[in-house]
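Let me begin by presenting the structure, written as structure tokens, before commenting on it.
These figures come from a predicted structure and were not determined experimentally. Order of the sequence lines fixes the chain letters, A, B, ..., with proteins taken first and strands second; residue numbering starts at 1 for each chain.
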Number of protein chains: 2
Amino acid sequence: MVDKFVSSASRPFGPSLERLRAAGLRPTRQRLALAKLLFNGIDCHISAEALHEEAEAAGIRVSLATVYNTLHQFTAVGLMREIVVDSQRSYFDTNVSDHHHFFHESTSRLQDIPAEDVRVARLPAPPAGARVKRIDVIVRLEEKE
Amino acid sequence: MVDKFVSSASRPFGPSLERLRAAGLRPTRQRLALAKLLFNGIDCHISAEALHEEAEAAGIRVSLATVYNTLHQFTAVGLMREIVVDSQRSYFDTNVSDHHHFFHESTSRLQDIPAEDVRVARLPAPPAGARVKRIDVIVRLEEKE
DNA sequence: GTGATTGCAAATCTTTTGCACTAAA
DNA sequence: TTTAGTGCAAAAGATTTGCAATCAC
């Protein structure tokens, strides 16, 4: 088995492999396959169930438990982040840069709002002993009539 | 906001009964008891499970299913609102005025931020066909050091 | 009385866990 | 070989549902 890819010129598995290696995650078949689905250059917001279905549709054999594990691992190492908009289901976002979201409640679809497009001003100081970890702005949308 | 207690002398069941009637909800024993726990003048953020425990501690006999029903009914008629901060558990807020939240992740505790203390500026226009239903700002806090 | 409301237990749904098995290093 | 990672099925929580019993009006 080839265990070293010396140059980026020959990347039979694409950049996903290096991405996982750089994050300290062992590049297993399942992680590589999911990474390829997720980090294809298009920012995506997805639930575990949806990713599992997408994987099956792509002919990738992964268990749902592994999809959950993988999404949480990717989140833990900063490759993704979790978005909390629905108390029944978790969504994960491949865009880890500072930004916010529109949430279409009727379709449960998420859409990015660049950080520059929102200014959160005059925020009171956090209570003593606490530090701001992140500010989430969720603009909930409903259908117009 | 506190003027509801002014003429409580003439209201044998307190303001809860009228509050329910005004909302078009039949004032059953369970709804009245939960309303009294919830609308005591202090804004509170609570989960269904926690309210159920609080009710039991107060000697009120209510099933958890009824607590869920009641919280959703109160929310539907505008007496409360749901706050989504944790994908595993729902929180309900007795403060239905426009405001935002600090969320202490280590303790799962919520704290109000008055609307005046946050300015969300330069928000892009919502996509066509959609209307802004609400803007939620959640300031996630972690413990310092 | 009549229809709304409740309790209870079972069902559902999402997410996690335990453990034997497989695969990366 | 050695240990991390995986699948599977079962478990765990949170929430909902179905239906007979009960309550408000």
The single option from A:Lys133, A:Arg131, A:Arg134 passing salt bridge (Lys or Arg N to Asp or Glu O under 4.0 Å) against B:Glu142: A:Arg131
Protein within reach of the bases, or only the backbone? For nucleotides 12-25 of chain D, mark each nucleotide 5' to 3' as B, S or -, using heavy atoms under 4.0 Å. --SBBB------BS
Does C:dT5 have its OP1 or OP2 closer than 4.0 Å to a side-chain nitrogen or oxygen of B:Gln73? no
Donor-acceptor pairs under 3.5 Å, side chain of residues 21-29 of chain B to any protein atom, not counting sequence neighbours: which ones?
residue: B:Thr28; atom: OG1; partner: B:Arg31; partner atom: N; Å: 3.2

Whole-Å distance separating the CG atom of A:Leu20 from the P atom of C:dA24: 13 Å
Rounded to whole Å, CZ of B:Arg31 lies from P of C:dG7 at a distance of 11 Å
Could you pull out all residues at least two apart from B:Ser108 that satisfy side-chain hydrogen bond (donor to acceptor under 3.5 Å, both in side chains)? none
Give the rounded distance in Å between these two atoms: CG of A:Leu32 and C1' of C:dA24. 11 Å
Partner residues of A:Glu143 under the side-chain hydrogen bond (donor to acceptor under 3.5 Å, both in side chains) criterion, sequence neighbours left out: A:Ser106
Supply the members, apart from A:Val84, of the Ile/Leu/Val/Met/Phe/Trp/Tyr cluster built from side-chain contacts under 4.5 Å; use none for a lone residue. B:Val84
Looking at B:Phe103, I'd like to know if the NZ or CZ of B:Arg109 sits under 6.0 Å from its six-membered ring centre while staying within 45 degrees of the ring's axis. no
Phosphate contact (D:dT6 OP1 or OP2) by A:Thr66 side-chain N/O below 4.0 Å: no
Atom pair distance, as rounded to whole Å: CG in B:Asp86 and P in C:dT15: 11 Å
What residues 50-62 of chain A contributes to the DNA chain D interface at heavy-atom separation below 4.0 Å is A:Arg61, A:Val62
Out of the candidates B:Thr94, B:Leu79, B:Asn69, only one should pair with B:Phe74 under the side chain to side chain contact (heavy atoms under 4.5 Å, CB included) rule; please name it. B:Leu79
If only side-chain N and O atoms count, and only distance matters, is there a donor-acceptor pair under 3.5 Å linking B:His101 with B:Asp93? yes
Rounding to a whole Å, what distance do you find between B:Leu25:CG and C:dT5:P? 7 Å
